[in-house]
Amino acid sequence: MAGRPADLYDFSLTALRDSDRDRYLACLLSPEEKRGPLSALYAFHAEIARVRDTVREPLPGEIRLQWWRDLLDGTAAGEGESNPLAAALLKVVRDYSLPIGVLQDMIDARVFDLYDDPMESRASLEGYAGETASALIQLASLILDPKGATTSVDAAGHAGVAQTIAGLLLLLPLHRRRGQVYLPAEILAATGLDRDRFLTGEDRAAISHAIRAFTGLGRDHLTKARAASAGISRWNRPAFLTVAMVAPVLDRAEKLGAGLLEHSIQPPQWRRQWWMWRALRTGRW
């Protein structure tokens, strides 16, 4: 049986600490009464984002994602009562009237992660980011400041794309080992590459050009997000805290170029904490 609300949120906060340390810290920097609900949303996002890490074949991954779809549309509600993370998610959906369709689109977008299909275009990437990172920011805004959430839609949209690109650059060495390429095919083609040539890592100059073009796309969306940031209410700032990591990651990726295929550019945790704390205080990222 599901536990009490406080118990459910204690579980989701603990789960988040282990699965997404940056958003865990963002929860701790949020108003106390919002930490539990935010942790349930973020822990759910982390759970569906890591499905590829927990399966060897796509089919078991699709089954796991389908379970979350069934939970949200009510066909797996009984099973959800025995899963504290699922119960916490259902509670926050009810309490804050989170749109089920947006959560289900988020799940559907994660099917792409289970396969090694190429990301065809910038529009495809932006759609993927819109249904994952951008949607997550906007859902968090509905928890933090429901009345003011509508004014942050544009900022959330662009910030989510920028954040997705930064996250993909951080994970590029892992994705390469798996044979996954998230850089849009049209960016690769413009630099004389295709999926296979990118994965071999042999044409270092072309790969560096492609990575810098990808970071340029991230910068473009970050600039647009900053331009729209006036619409973010003071109460909704915590929804955007992890965006503070985007600019430093893009800077590092641009400098490293093709070296990013082999080397991690993850900033140390203390620095990431400082960036988020500063973003909360100033509203700038």
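Computation of the quantities below employed the complete heavy-atom set of this structure, encompassing side-chain atoms and omitting hydrogens, waters and symmetry-equivalent molecules.
Listed for the Arg176 side chain is a donor-acceptor partner under 3.5 Å among the backbone atoms of Thr200. Formation of a donor-acceptor pair under 3.5 Å by the Ser30 side chain with backbone atoms of Ala26 is found in this model. Of the possible donor and acceptor atoms, none in the side chain of Arg226 sits under 3.5 Å from a partner among the backbone N and O of Leu222. Counting only distance, with no hydrogens or angles, the side chain of Thr151 and the backbone of Ile232 share no donor-acceptor pair below 3.5 Å. Using a distance-only test at 3.5 Å, with no hydrogens or angles considered, no donor-acceptor pair links the side chain of Ser12 to the main chain of Ala88. With hydrogens and angles disregarded, no donor-acceptor distance shorter than 3.5 Å links the side chain of Ser152 to the backbone of Ala155.
Distance check: Thr14 OG1 to Phe11 CZ gives 8.0 Å after rounding to the nearest 0.5 Å. In this structure, Leu261 CG and Arg177 CZ are separated by 11.0 Å, a value rounded to the nearest 0.5 Å. A distance of 9.5 Å separates CZ in Arg237 from CZ in Arg281, rounded to the nearest 0.5 Å. Rounding to the nearest 0.5 Å places CG of Leu38 at 13.5 Å from OH of Tyr24. Of the inter-residue distances, the one linking Ile207 atom CD1 with Thr191 atom OG1 reads 8.5 Å to the nearest 0.5 angstrom. Rounding to the nearest 0.5 Å places CG of Leu28 at 9.5 Å from OG of Ser39.
The closest side-chain heavy-atom distance from Cys27 to Leu13 is below 4.5 Å. Considering only heavy atoms from C-beta on, Leu260 comes within 4.5 Å of Ile211 through its side chain. In this structure the side chain of Phe214 reaches within 4.5 angstrom of the side chain of Ile187, judged on heavy atoms. Residues Ser229 and Phe240 are not in side-chain contact: their nearest non-hydrogen atoms beyond the backbone lie 4.5 Å or more apart. Looking at heavy atoms from C-beta onward, Phe44 lies out of side-chain contact with Val92 at the 4.5 angstrom threshold. Side-chain contact between Arg178 and Leu174 is present, with at least one heavy-atom pair separated by less than 4.5 Å. Counting only heavy atoms from C-beta outward, the side chains of Glu126 and Leu217 approach each other to under 4.5 Å. Contact check for Arg122 versus Ser124: no side-chain heavy atoms found under the 4.5 Å cut-off.
Listed by first then second residue, pairs satisfying salt bridge (Lys or Arg N to Asp or Glu O under 4.0 Å) with a partner in residues 92-104 read Lys91-Asp95, not counting sequence neighbours.
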key: Evaluation steps, side-chain hydrogen bond (donor to acceptor under 3.5 Å, both in side chains), between Tyr128 and Arg110   = CA-CA 8 Å; Tyr128 170 86; Arg110 289 296 175 183; 3.0 Å; yes

ask   = Could you go step by step and tell me if Arg278 and Trp285 meet the side-chain contact (heavy atoms from CB on, under 4.5 Å) rule?
value = CA-CA 8 Å; Arg278 184 178 59 187; Trp285 23 260; over 6 Å; no

Asp220 and Lys224: CA distance, side-chain angles, deciding distance, salt bridge (charged side-chain N to carboxylate O under 4.0 Å, His left out) verdict = CA-CA 6 Å; Asp220 180 55; Lys224 291 176 180 178; 3.4 Å; yes

ask   = Passes salt bridge (charged side-chain N to carboxylate O under 4.0 Å, His left out), Arg69 versus Asp108? Steps please.
value = CA-CA 9 Å; Arg69 289 192 202 94; Asp108 290 342; 2.5 Å; yes

task = Please step through side-chain contact (heavy atoms from CB on, under 4.5 Å) for the pair Leu250 and Ile165, ending with a clear verdict.
result = CA-CA 8 Å; Leu250 296 180; Ile165 290 173; 4.3 Å; yes

inquiry  = Between Val102 and Leu139, is the side-chain contact (heavy atoms from CB on, under 4.5 Å) condition met? List the steps.
reply    = CA-CA 9 Å; Val102 173; Leu139 290 168; 4.0 Å; yes

task = Output, in order, the C-alpha distance, side-chain angles, deciding distance and verdict of side-chain contact (heavy atoms from CB on, under 4.5 Å) for Ile107 and Gln66.
result = CA-CA 8 Å; Ile107 295 168; Gln66 183 62 49; over 6 Å; no

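Residues Leu65 and Tyr42 fall within the same hydrophobic cluster, defined by Ile, Leu, Val, Met, Phe, Trp and Tyr side chains chained together at heavy-atom separations under 4.5 Å. Each of Ile137 and Leu280 belongs to its own hydrophobic cluster when Ile, Leu, Val, Met, Phe, Trp and Tyr are linked at side-chain heavy-atom distances under 4.5 angstrom. In the hydrophobic clustering of this structure, Leu188 groups with Leu256; members are Ile, Leu, Val, Met, Phe, Trp, Tyr whose side-chain heavy atoms approach within less than 4.5 Å, directly or through other members. The cluster map of Ile, Leu, Val, Met, Phe, Trp and Tyr, joined by side-chain heavy atoms under 4.5 Å apart, puts Ile143 and Leu90 in the same cluster. No continuous path of ILVMFWY side-chain contacts below 4.5 Å connects Val51 to Phe112, so the two sit in separate hydrophobic clusters.
Open room surrounds CZ on Arg284; 12 or fewer heavy atoms of other groups in view lie less than 6.0 Å from it. Atom CD of Glu33 is surrounded by more than 12 heavy atoms from other residues, nucleotides or ligands within 6.0 Å. More than 12 heavy-atom neighbours from other residues, nucleotides or ligands sit within 6.0 angstrom of CZ on Arg195.
Among all heavy-atom pairs drawn from Pro268 and Arg252, the shortest one is CD-NH2, 4.4 Å. Closest approach of Ala87 to Leu8, counting heavy atoms only: CB-CD2, 3.8 Å. Here the closest non-hydrogen pair linking Ala253 and Leu169 is CB-CD1, 3.8 Å. Closest non-hydrogen pair, Asn236 versus Ser141, comes out as OD1-O, 3.2 Å. Across all non-hydrogen atoms, the minimal contact from Pro238 to Pro31 is CG-CD, 4.3 Å. Among all heavy-atom pairs drawn from Met106 and Thr132, the shortest one is CE-O, 3.8 Å.
Of the charged side-chain nitrogens involved, at least one lies within less than 4.0 Å of a carboxylate oxygen, so that Arg197 and Asp203 count as a salt-bridged pair. Looking at Lys255 and Asp251, no side-chain N of the basic residue comes within less than 4.0 Å of a carboxylate O on the acidic one, giving no salt bridge. A salt bridge is defined here as a Lys NZ or Arg NE, NH1 or NH2 lying under 4.0 Å from an Asp or Glu carboxylate O, and Glu62 with Arg52 fails to meet this definition. Salt-bridge check for Arg64 with Glu47: failed, with every basic side-chain N at 4.0 Å or more from each acidic carboxylate O. Using a cut-off of 4.0 Å between Lys/Arg side-chain N and Asp/Glu carboxylate O, Glu254 and Arg219 are scored as salt-bridged. The existence of a salt bridge linking Arg50 and Asp53 is excluded, since no basic side-chain nitrogen approaches an acidic carboxylate oxygen closer than 4.0 Å.
Using cut-offs of 30° and 60° on the angle between ring planes, the pair His175 and Tyr182 is tilted.
Side-chain N/O atoms of Thr242 and Asp22 include no donor and acceptor closer than 3.5 Å. Side-chain contact of His221 with Gln163: a donor-acceptor pair under 3.5 Å is absent, judged by distance alone.
The side-chain hydrogen bond (donor to acceptor under 3.5 Å, both in side chains) search around His209 returns none, not counting sequence neighbours.
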